[in-house]
Structures are given as structure tokens and as C-alpha cells.
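We're numbering straight along the sequence, starting at 1. Quantities reported herein were computed from a predicted structural model and do not represent experimental measurements.
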Amino acid sequence: MKYQFKSGIDEKEFDSFVKSFPSTSFMQTTSWSKVKKAWEHDFVGMYNNDKLVCAAMILKRNLFLGKKLFYIPRGFVIDYKNRNLLQEFVTCLKSYAKKNGAIDIKIDPFICFNEDNIQNIKKNKGIEVRKSFTNNTKEIVDNLKEVGFIHGGFKKEVNAYIQPRYTMAISLKDKEGNFYEKEVLRRTFPKNTRNYIGTYQEERGVEFSYSTNKEDVKDLVSVLHCTEERQHIALRSENYFKNLMECFPDNAVLFFARVNIDKYIKFLKEDMKKNENKKEFCEKQIKEAEVVKKEFGPKPLAGATIVMMPTCDNGTKVASFLYAGTNTKILPSLKITNGLMFYRLCYCLDNGCDYCDLGGIDGSLEDHLSTFKSKFNPNVLELVGEFDLVISKLWYSLFNLAMKTLKFIRSKR
């Protein structure tokens, strides 16, 4: 079989192929290359009889002395079990990398070593889960090693690699592969989570909405600032999120949670009349609600998130929950983040998603992200991690030494 390698593939042709290929990531679209403005990029692939049969969106980072790092996020877009195609593609890709000054090609494909329900892992509950990501994992890993890739190890720390090795995902289908009814999905959550979802929040004036208007990014950023200040971290800028919305107009969706303060106060007053034993609690909540109204207005924004809906038409369709923020000054007793999570899940369910990827966690499952996400009965996915195809051993060694030195210097500050 005669293959032909090509770079600079037309964007429409490239995206059409990626969209039709099963279970591809939004990080392998031409749109993602436009989001990653700090990197150069190229679209390459292999043809058979003028038909594109595999592809990769390459991000290129300039290093030093004309040298570059090639990074293929969540790639390749290929049948990893086709050894002949994989070998031919990697051989051509390596030659292309040499000509373009690359010292290394780094990939982190969405391939799982293991996936299991959080309750099985932590409490040995014996829950049967539908496993969609672990087919032929060993064969795929062996094939990558055979063509020259070096595995980057099994570190568990969330920041150990470019993309976390561990993530949590909620299946929107039961073990037989049928989509959940929304109420059935709600009942899969632990009691102390599901009790704060649905009627509980509706009665108390919590309102949820979504938007695909890039101008609403300012509301997302305003809540993210609250999270930044609380956790002493720096997230993305308003321009970054606007660019993300512009690059993915059909996939990027904003979600918001607000509280109608007057409706909540009215509920509390009526609840107090019906239940004398709740008087003290309701009076305290009314005072808190009035303070919130004075500071933030009659319908304050309590939470906001952005979700990337699937960009592929076939295979397992995964919605990616990217960034989320919460203003904890706004009535935390209402557990608004529970409702906002469920609202997003229902939106994804309505739009035919198989899974919702809640994002990276620490492999110890002891970090605060794991604690929060565990409330929604997710599956834990352990990914294979990073692989490197070293193009120049000398320059790659010097680069790694420089990175380790820089990391050491920063740790001593």
C-alpha cells in the first residue's frame, strides 16, 4: 500500500476528516490552533490514493537557536492498531520534524489504562460501569513504543505533564449503553448531593442559563476572579475566553447560576410560617440574603463555567468542562454548584453527549478537585500520559537539563 505524507493540509479538509473520525478531541481541530496563539502550527497527514487516512495538528514552540518542540495534543488522529500506517506516518513525521528544527515530538493521546467508578475505588461498592476508553490499550501502547516513542512515566500529580494523567468523567449512559433519563441520572448521585438539585433550588430562586454569546464572557471572568483570589491562582483572561468562543462558535457554551434574592426571601418567610422550628435559621438566612442583595444586586451571579461540546460526529462524544468559578459570598448554604453541575449535565444529555469530562485531578484522589467532583459519582480515568519521539538526543538532553535547572531555581525563590 502506497502512502503519501503531506503538510499544510487545507483547513476545511483537515477539519472534515477530524470531525468524521471516531472519538476525536477538540484539541486536534484547526480551531484549537487559533486558540493557542503563542504556538506556531501545521496540519499534516497521510494519504492513500488521494484520501486522507490519518492526521495531526502540530503545535510548534520555539526554544533556542532555531530549535523547536513539537506538541500534538490528544493526537494523533489515527487507528493506532494499524501498525503499517502508524509506522509510515511516524517515519514521515520524524523526517518532517528534522527538516523543521524540532528536537522532540510530544503526544498525549486520550488512551486509558484504567477506568472505574469512584465508589468502587474508594469504598469497594462493586458498581458495574460501562467502559468506553480502555479497548486495546496495551496493543496501542506497544505499537507506539515499537515506532520509537518513549513513555513519560506514571506520575500522579495533576501538573506533572502538559495534560493531567488522571481525570474524572460522568457517563450519561447506563451500563447497557442507553441514555439516562434526567431524574435517573440525578439519582445516581449520593443523597447529600442530589437533595440540593432540582426543586430544592428552584423554590429558593436559584436560576440557571446558558449562552453562546462571546460578550457574556465578562460574566464568566468576573466569577473566575473570585476563584483566583480565593485559591491564589491565575486563570485565563477575558480576551482568551472571547477568542475561544470565536474559534468554536458551535461548541463553546457558557453556563451561569444566579439567585433571585427577592424570591429566596419570600420562600424563607413562608417556610418560617409553616415551620416554627426553622424560625432562627430562616431569620439568619434572610439577613444574609439582604446583605448579598445590597452588595451584589437583586439577582447576583453565583457561579459560571465554560464547556466545550464534542467536535466529532462519530464514536464516543465527550463534552469537556474547562473552567469554572464560584462566588462563595453568595449564599453558600444553597449549594449552587451542585445545581449548576446538573444543569450542564442535562444540557449535554439533551445534545447527545456520551460523557462529560470534569477535568484533571491528582492521581491520589485526595486533592480538593477530586473531593468536589466525587460528589457526582464519576468514573476515574487513568490515561497513559505522555510519549516523546526524540529527534535530536543532544538538544533534547540540553533542553531537559535547562528545564530542570529552571524548575530548581524557581523552587528556591
Problem - Presence of salt bridge, E290 and K294, under 4.0 angstrom - result: no
Q | Side chains of N327 and L301 in contact at under 4.5 Å (non-hydrogen atoms) | A | no
request  = Using only heavy-atom distances, determine whether the side chains of D42 and Y96 contain a donor-acceptor pair under 3.5 Å.
outcome  = yes
Residue set satisfying side chain to side chain contact (heavy atoms under 4.5 Å, CB included) with K19, at least two apart, ordered chain then number -> D313
### NZ (K284) with more than 12 external heavy atoms under 6.0 Å
no
Lys NZ or Arg CZ of K106 over Y71 ring: under 6.0 Å, within 45°
no
NZ/NE/NH1/NH2 to OD/OE distance under 4.0 Å, R187 and E181
no
request  = Apply the test side-chain hydrogen bond (donor to acceptor under 3.5 Å, both in side chains) to residues Y264 and E203: give CA-CA distance (whole Å), side-chain angles for both, the deciding distance (0.1 Å), then the verdict.
outcome  = CA-CA 8 Å; Y264 182 44; E203 293 176 343; over 6 Å; no
Note: A304 and D219 closest approach over all heavy atoms is CB-O, 4.4 Å
message: Ring-plane angle category for H151 and F113, please: parallel below 30°, perpendicular beyond 60°, tilted otherwise.
response: perpendicular
Practice task
Evaluate side-chain contact (heavy atoms from CB on, under 4.5 Å) for L172 paired with D354, printing each intermediate quantity in order.
Solution key: CA-CA 5 Å; L172 300 181; D354 296 292; over 6 Å; no
C282 and D271 have their tightest heavy-atom pair at SG-OD2, 4.0 Å
Here the gap from I170 atom CD1 to D357 atom CG, rounded to the nearest 0.5 Å, amounts to 10.0 Å
Ring centroid separation F256 to F208 under 6.0 Å:
no
*R165 (side chain) donor-acceptor with F154 (main chain) under 3.5 angstrom*: yes
*Hey, are the side chains of T167 and E382 touching, using non-hydrogen atoms and a 4.5 Å cut-off?*
no
message: Please tell me whether Y161 and E386 have a donor and an acceptor in their side chains that are separated by less than 3.5 angstrom.
response: no
- Would Y3 and E88 count as a side-chain hydrogen bond (donor to acceptor under 3.5 Å, both in side chains) if you check the C-alpha gap in whole Å, the side-chain angles of each, and the deciding distance to 0.1 Å? CA-CA 8 Å; Y3 292 115; E88 290 287 338; over 6 Å; no
d(F43 CZ, I9 CD1) to nearest 0.5 Å is 9.5 Å
If only atom types and distance count, is the side chain of R74 paired as donor or acceptor with the main-chain N or O of D108 below 3.5 Å? yes
_K329 side chain to C226 backbone, donor-acceptor under 3.5 Å_ = no
Distance col, row N100:CG vs K98:NZ, nearest 0.5 angstrom, shows 13.0 Å
Verify the neighbour count for atom NZ of K34: are there more than 12 heavy atoms of other residues, nucleotides or ligands below 6.0 Å?
yes
query: Within 45° of the six-membered ring axis of Y347 and under 6.0 Å from that ring's centre, is NZ or CZ of R344 located there?
result: no
Rounding to 0.5 Å, atoms CG (L345) and CG (D350) come to a distance of 11.0 Å
Within 45° of the six-membered ring axis of F189 and under 6.0 Å from that ring's centre, is NZ or CZ of R186 located there?
no
List the steps, then state whether side-chain hydrogen bond (donor to acceptor under 3.5 Å, both in side chains) holds for D15 with T30.
CA-CA 7 Å; D15 278 337; T30 63; 2.5 Å; yes
Self-check item: N-O pairing of K138 and D142 below 4.0 Å
Solution: yes
Which donor-acceptor pairs under 3.5 Å do the side chains of residues 373-380 make with protein atoms, sequence neighbours left out?
unit_1: K373; atom_1: NZ; unit_2: L358; atom_2: O; d: 2.9
unit_1: K373; atom_1: NZ; unit_2: G359; atom_2: O; d: 3.3
unit_1: K373; atom_1: NZ; unit_2: G360; atom_2: O; d: 3.2
unit_1: S374; atom_1: OG; unit_2: S370; atom_2: O; d: 2.6
unit_1: K375; atom_1: NZ; unit_2: N338; atom_2: OD1; d: 3.0
unit_1: N377; atom_1: OD1; unit_2: N117; atom_2: ND2; d: 3.1
unit_1: N377; atom_1: OD1; unit_2: Q119; atom_2: NE2; d: 2.8
unit_1: N377; atom_1: ND2; unit_2: T188; atom_2: O; d: 3.1

Next item on the list: Give a yes or no on whether the backbone of F133 and the side-chain of E115 come within a donor-acceptor separation of less than 3.5 Å.
Entry: yes
- Determine, stepwise, if the pair L365 / I121 fulfils side-chain contact (heavy atoms from CB on, under 4.5 Å). CA-CA 10 Å; L365 305 182; I121 295 170; 3.7 Å; yes
Salt-bridge contact D79-K81 (side-chain N to carboxylate O under 4.0 Å): yes
(message) side-chain contact (heavy atoms from CB on, under 4.5 Å) for K299 and E207? Distances and angles first, verdict last.
(response) CA-CA 9 Å; K299 195 176 287 188; E207 300 174 359; 3.3 Å; yes
- Query: Heavy-atom distance under 4.5 Å between the side chains of R258 and P300, does that happen here?
  - Reply: no
Closest heavy-atom pair, I330 versus I336, reported as atoms and distance to 0.1 Å, is O-CD1, 4.1 Å
Okay, side chain of Q28, backbone of M57: is any donor-acceptor separation there less than 3.5 Å?
yes
Once you measure the plane-to-plane angle for Y196 and Y200, does it fall in the parallel (<30°), tilted (30-60°) or perpendicular (>60°) bin? perpendicular
Would the distance check show the side chain of K218 and the main-chain N or O of E215 forming a donor-acceptor pair, the cut-off being under 3.5 Å? yes
Exercise. Is the backbone of K335 close enough, under 3.5 Å, to the side chain of Q201 for a donor and an acceptor to pair up by distance?
Worked result: yes
* **Pair T91-Q87, side-chain hydrogen bond (donor to acceptor under 3.5 Å, both in side chains): steps then yes or no** => CA-CA 6 Å; T91 298; Q87 179 68 69; 3.2 Å; yes
- Decide whether D362 and S364 meet the rule of one side-chain donor and one side-chain acceptor closer than 3.5 Å. yes
Electrostatic pair K68:D104 at N-O distance under 4.0 angstrom: no
CG (D388) and OH (Y396) are apart, to the nearest 0.5 Å, by 3.5 Å
Item to complete: Mark yes or no for whether D174, through its side chain, and G177, through its backbone, hold a donor-acceptor pair below 3.5 Å.
Response: yes
- Task: Evaluate the ring planes of F255 and Y210, with Trp represented by its six-membered ring, and classify them as parallel (under 30°), tilted (30 to 60°) or perpendicular (over 60°).
- Result: tilted
The complete set of ring-ring contact (aromatic ring centres under 6.0 Å, His included) pairs with one or both residues in residues 312-336, sequence neighbours excluded, reads F241-Y323
Check your understanding: F76 vs F89 aromatic rings, parallel, tilted or perpendicular, using cut-offs 30° and 60°?
Key -> perpendicular
For S211 and N213, the nearest pair of non-hydrogen atoms, with its separation, is OG-N, 3.0 Å
Closest non-hydrogen atoms of Y180 and S171, given as atom of the first, atom of the second and distance, are CE1-O, 3.5 Å
What one should report as the nearest heavy-atom pair of L59 and S33 is CD2-CA, 4.3 Å
Exercise for review: Keeping the roles fixed (side chain from N143, backbone from Y80), state whether a donor-acceptor pair exists under 3.5 Å.
Suggested key: yes
key: Evaluation steps, side-chain contact (heavy atoms from CB on, under 4.5 Å), between S31 and V35   = CA-CA 7 Å; S31 295; V35 173; 5.8 Å; no
- Are the side chain of T212 and the backbone of V253 linked by a donor-acceptor contact shorter than 3.5 Å? no
